[in-house]
Q: 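Can you keep this structure in mind? I'll have questions shortly.
A, B, ... follow the sequence lines: proteins, then strands. Residue 1 opens every chain. Quantities reported herein were computed from a predicted structural model and do not represent experimental measurements.
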Number of protein chains: 2
Amino acid sequence: MTVSKDVSGGVALWRRIADAIRLDIVGGKLASGDRLPTEALLAERFSANRHTVRRALAVLAEEGVVGAEQGRGTFVRSARRLSYPIGRRTRFREGLRGQAASLVSQSLSHRIENATAAVAAALGLKPGAKVVRTEGLSIADGRPISRSTTWLPYRLFPDFAERIAQLQSTTAVFASYGIDDYARASTRISARHADVEETKLLGLAPGAILLVSEAVDVDSAAIPISYALSRFPAERMELVV
Amino acid sequence: MTVSKDVSGGVALWRRIADAIRLDIVGGKLASGDRLPTEALLAERFSANRHTVRRALAVLAEEGVVGAEQGRGTFVRSARRLSYPIGRRTRFREGLRGQAASLVSQSLSHRIENATAAVAAALGLKPGAKVVRTEGLSIADGRPISRSTTWLPYRLFPDFAERIAQLQSTTAVFASYGIDDYARASTRISARHADVEETKLLGLAPGAILLVSEAVDVDSAAIPISYALSRFPAERMELVV
DNA sequence: ATGGATTTGTCCGTATGTATA
DNA sequence: CTATACATACGGACAAATCCA
């Protein structure tokens with residue numbers, strides 16, 4: 001929980017303070033129900049004015065991470081990050097089972113398109129080959145935790161989009177096509193700021209950080225069956241290999 | 001390369017524009033030597049004033065990512081991201097071999113300390129047990145790519161710090177202790193903003209994004225031998241599982 | 001039940017940074 | 001280069017709610 005004000009670098013002090021406090025909460029240093037230090041103490045710790053600290057706390061309150069109570073103090077409301085295990089047999093819903101009471105996957109939209117060079121390379125297709133593209137959003141206990149775009153070979157899964165909207169689970173849809181098992185071939189992980197659409201859909205404060213995963217799944221014969229670009233809010237999820 | 005200005009959210013427009021352009025460069029959309037669109041075109045694309053775009057370009061030039069040439073245009077200078085492969089047999093130097101001409105690992109400092117609860121849990125020790133802690137920095141082709149903190153059981157590696165300063169390679173130091181093979185037991189990946197010390201050591205612009213990896217390595221008998229907390233600038237590195 | 005200390009909430013004003021024109 | 005509008009950050013003062021001796 002340390003921040004210096006001397007260099008702004010285009011990121012406002014109140015935002016850096018909010019990020020630092022949020023990190024202590026989602027990282028587990030501050031547990032749910034804990035009382036935060038007083039505004040005066042935080043101001044001293046961050047070498048900032050109390051008003052600046054108050055703005056940071058207001059942002060965190062807006063996110064539902066903390067809640068202030070007049071005369072009593074400011075308290076931690078939300079829980080720590082969810083962990084998404086990534087390995088050879090990676091299953092989104094299985095991996096998060098037990099970490100959240102509810103896990104809802106929405107299918108936002110879908111279309112048939114021609115594979116770009118990147119998508120074709122990932123799926124082992126010729127550039128321009130027909131692919132199904134679906135946009136999805138996953139929500140755990142009411143908090144959005146993943147925004148994903150998935151491409152699949154049209155030849156293998158012509159009506160994937162219709163089925164995923166019904167079944168929610170990718171694993172279940174693959175099973176409906178007769179694919180009883182599949183494996184993760186590769187996962188590429190990077191990080192960046194959320195754009196405006198992601199900020200809105202994931203319910204994030206502008207400027208939030210996303211973990212970005214590019215994953216290719218293959219069937220038991222090592223044929224690529226899906227290429228997924230998933231974006232996880234770093235403040236709500238961590239990836240465990 | 002899209003940014004909207006309607007909501008600032010504590011991150012200045014010039015910084016968001018700089019981040020967006022840098023993302024296109026390190027993500028491979030713009031290759032080394034490519035010419036960027038003119039300042040006027042960029043200003044139009046980002047719905048910003050040309051002065052604001054110029055400030056973003058000035059920051060990128062300072063980082064060495066682009067270079068402006070009077071009357072000719074602005075050109076991409078730096079290369080794309082390095083990929084660090086993570087798996088059961090993860091070796092930092094081997095993984096990056098071929099991606100950079102030079103890879104230097106510095107040992108910044110070291111000390112003997114008592115394990116915190118988190119460190120003890122990771123290494124399977126009793127809280128308070130003696131551990132060796134070393135701080136390191138790795139630089140590829142002159143650009144810092146990793147800032148790491150490593151804890152090891154003092155009982156097994158009493159003078160690890162002295163040896164790593166000599167040998168640079170962790171694998172080589174383990175070999176010097178008679179450990180001919182070791183494996184990655186777990187890797188936990190998250191992301192956050194760089195703090196002031198990291199910003200300085202890694203030569204980043206304030207507010208830069210870090211990929212954070214917490215890794216535990218075990219020997220052939222599955223005994224934990226090291227717990228490493230590594231921070232990679234997201235603009236220079238990606239992790240591949 | 002009361003007074004005083006603590007803590008958050010609201011108001012005023014001032015200086016500097018950001019972005020546009 | 002100037003001028004303008006708005007966001008950021010600081011400083012002080014005081015009100016309102018809570019807690020405890």
Q: Among D:dT8, D:dT18, D:dA17, find the nucleotide with the atom closest to the side chain of A:W14.
A: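 Of D:dT8, D:dT18, D:dA17, D:dT8 is nearest to the side chain of A:W14.
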
Q: What's the CZ-P distance between A:F46 and D:dT8, to the nearest Å?
A: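 Rounded to the whole Å, the gap is 18 Å.
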
Q: Nearest-Å distance, CZ (B:R16) to P (C:dT18)?
A: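 Going from B:R16 (CZ) to C:dT18 (P), I get 13 Å.
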
Q: Of A:S138, A:S230, A:S148, which meets side-chain contact (heavy atoms from CB on, under 4.5 Å) against A:F92?
A: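 Single pass found, and it is A:S138.
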
Q: Taking the nucleotide of DNA chain C with the closest heavy atom to each, which residue, B:R55 or A:L57, is nearer the 5' end?
A: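 It is A:L57, whose closest nucleotide lies nearer the 5' terminus.
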
Q: Under 4.0 Å: is that the gap between some side-chain N or O of B:T52 and OP1 or OP2 of C:dT20?
A: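 Checking B:T52 against C:dT20: at least one side-chain N or O falls below 4.0 Å of OP1 or OP2.
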
Q: Under a 3.5 Å cutoff, is there a donor and acceptor pairing between the side chains of B:E238 and B:Y84?
A: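 B:Y84 and B:E238 do not have a side-chain donor-acceptor pair below 3.5 Å.
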
Q: In this structure, how many angstroms lie between the C1' atom of C:dT6 and the CD atom of A:E69, rounded?
A: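 To the nearest whole Å, that distance equals 15 Å.
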
Q: Using only side-chain N and O atoms of A:N49, determine if any of them is under 4.0 Å from OP1 or OP2 of D:dG11.
A: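 Looking at the OP1 and OP2 atoms of D:dG11, one of them is under 4.0 Å from a side-chain N or O of A:N49.
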
Q: Atom CD of A:Q70 to atom P of C:dT7: distance rounded to whole Å?
A: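 Nearest whole value for this atom pair: 14 Å.
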
Q: State whether A:R72 places a side-chain N or O below 4.0 Å from either non-bridging phosphate oxygen (OP1 or OP2) of C:dT6.
A: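 For C:dT6, neither OP1 nor OP2 has a side-chain N or O of A:R72 closer than 4.0 Å.
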
Q: Calculate the interatomic distance between A:L42 atom CG and C:dT8 atom C1'; express it in whole Å.
A: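 Going from CG in A:L42 over to C1' in C:dT8 covers 12 Å.
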
Q: Side-chain contact, heavy-atom cut-off 4.5 Å: A:L30 with A:F75?
A: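 Answer no - side chains too far apart.
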
Q: Taking CG from B:L13 and P from D:dA7, how many angstroms apart are they, rounded to a whole number?
A: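 Rounding to the nearest Å, CG of B:L13 and P of D:dA7 are 14 Å apart.
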
Q: Determine, step by step, whether A:R50 and A:E39 satisfy the salt bridge (charged side-chain N to carboxylate O under 4.0 Å, His left out) criterion, reporting the C-alpha distance in whole Å, the side-chain angles of both residues, the deciding distance to 0.1 Å, and the verdict.
A: CA-CA 6 Å; A:R50 187 168 79 96; A:E39 294 172 352; 2.4 Å; yes

Q: Would you say the base of C:dG9 and the side-chain of A:R50 have a donor-acceptor pair closer than 3.5 Å?
A: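 Per atom types, the contact qualifies.
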
Q: I need the CD-P distance between A:E44 and C:dT7, as an integer number of Å.
A: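 Atom-to-atom, A:E44 to C:dT7, this comes out as 13 Å.
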
Q: For A:R15, answer base if it contacts any base atom (sugar-phosphate contacts may also be present), sugar-phosphate if it contacts only those atoms, and nothing otherwise; contact means non-hydrogen atoms under 4.0 Å.
A: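 Answer is nothing: A:R15 stays at 4.0 Å or more from every strand.
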
Q: Taking the minimum atom-to-atom distance to the side chain of B:A12, which one of D:dT8, C:dT18, C:dT20 wins?
A: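 Output: C:dT18.
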
Q: Using the side-chain heavy atoms of A:R54, tell me which of these nucleotides is nearest: D:dG11, C:dT10, C:dA19.
A: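 When the side chain of A:R54 is considered, C:dT10 is the closest of D:dG11, C:dT10, C:dA19.
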
Q: What's the CZ-P distance between A:F75 and C:dT6, to the nearest Å?
A: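 To the nearest whole Å, that distance equals 17 Å.
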
Q: Quick check: on DNA chain C, is the nucleotide nearest B:H51 upstream (toward 5') of the one nearest A:G73, or the reverse? Name the residue that is more 5'.
A: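 Final value for this comparison: A:G73.
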
Q: Just so I know, are the side chains of A:E63 and A:E235 near enough to count as touching, which here means a heavy-atom distance under 4.5 Å?
A: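 Yes, at least one pair of side-chain atoms sits under 4.5 Å.
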
